[in-house]
Every structure is written in C-alpha cells, then in structure tokens.
Amino acid sequence: MRYWLMKSEPDEASIDHLANAPHRTLPWTGVRNYQARNFMRDLMQVGDGVLFYHSSCPEPGIAGIAAVSSTAYPDPTQFDRKSPYFDAKSSQETPRWVLVDVVFKKKIPLIPLAALREHDELKDMRVLAKGNRLSITPVTEAEWRFITKRLA
DNA sequence: GCCAACGTTGGC
DNA sequence: GCCAACGTTGGC
C-alpha cells in the first residue's frame, strides 16, 4: 500500500470529471515521462491512495482524494494518430507508455499549494521540491495522514 | 506572458 | 559519453 500525488489540468480532467465519470473511474492517460511511467508500472497497486492535484490553473492545489483501481496497462492514446499523446515510436507489440485507472473517493475543499507550503510536516513533500515537474510523485504515509486527517 | 527548471534529442 | 539546443512544465 502506497500513496501518491497525481497532477491533472482541471480543464482536461478535474476532480468533478472524475466524480461524474462512469464507475467514477478514469484511465490516467497521457503520462509521457519515464519516471512517472515507472511509478505506475513498477510500484502502483490497486488500493493505493491518490491525492488529486489540479495544476496549471488559477488555483493549483489538492482538490480531492482518489485511489488506484487497476494495475498498469498500455495507454491506448499512444497508438491514436489523432491524439495529442500519439507516439510514433511506440508499437502495439512493445508499448512504451502505460497507465492505471483511478477511482474517485471524495472531493475536498481545495488545499492550495501555498497552504501545503505552510506546514512543517509537509516540507519534504516531493511535489513541493524546487523545480519539481513530475506529474506523479510519491507521498509518505505521514504526509498522507497529515493531509487527509488534518487538512482535508 | 515570463521564466526557472528539467527532460529529451541528436551531433560529435 | 558529453553537452548544447530545444521543448515542456507549471507557478506566478
């Protein structure tokens, strides 16, 4: 059992999109970074906790709680020529990119990025590290507890 | 729109 | 294997 923070641009997939999706579940399409892919492929398990983070928007921050609901499987958008996530160098035989399904748990009052930075308990969060651009970052159990019990 | 930081590409 | 150039991320 692990914990993760996963970034999504709310214009594309917000916590409300997730809540209203069939089975309250969305495939986490579009990860095109090897480190983030490897987290999904090698470490994620069904039931892992997910902090759903809105990025590249007027109010960046944690917008909800979700969970990993599948193990990794090939991201179909890599094979779709019309998709912005198409990858000509990938193939059906040896897919380069994978994804997991994510299921909605609950929406919370937004915890803004600035609020996360105010807490000493969270000062080592990967997502807060200078220059971090990873769209998926590990969250420690202590960080998860603090956020879900004290801030959410 | 700006810009710092990072990842990827490709020439050598 | 090095590294410059380029593209992307993401907060502000």
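Letters A, B, ... mirror the listed sequences (proteins, then strands); counts begin at 1.
Of the N and O atoms on the side chains of A/Asp75 and A/Thr77, at least one donor lies less than 3.5 Å from an acceptor on the other residue.
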Pairs under 3.5 Å (N/O, protein and nucleotides 7-10 of chain B):
{"unit_1": "B/dG7", "atom_1": "O4'", "unit_2": "A/Arg133", "atom_2": "NH2", "d": "3.3"}

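The hydrophobic clustering, which links ILVMFWY residues whose side-chain heavy atoms are closer than 4.5 Å, places A/Ile147 and A/Val50 apart.
The nearest pair of heavy atoms linking A/Pro27 to A/Asp101 is CA-OD1, 3.5 Å.
For A/Asn132 and B/dC6, the CG to P distance is 9 Å, given to the nearest whole Å.
Checking each of A/Trp4, A/Phe52, A/Tyr85, A/Trp97 against A/Trp28 for a ring pair (Phe, Tyr, Trp, His ring centres under 6.0 Å) leaves exactly one that passes, namely A/Phe52.
Residues A/Leu113 and A/Leu128 are in side-chain contact: their nearest non-hydrogen atoms beyond the backbone lie under 4.5 Å apart.
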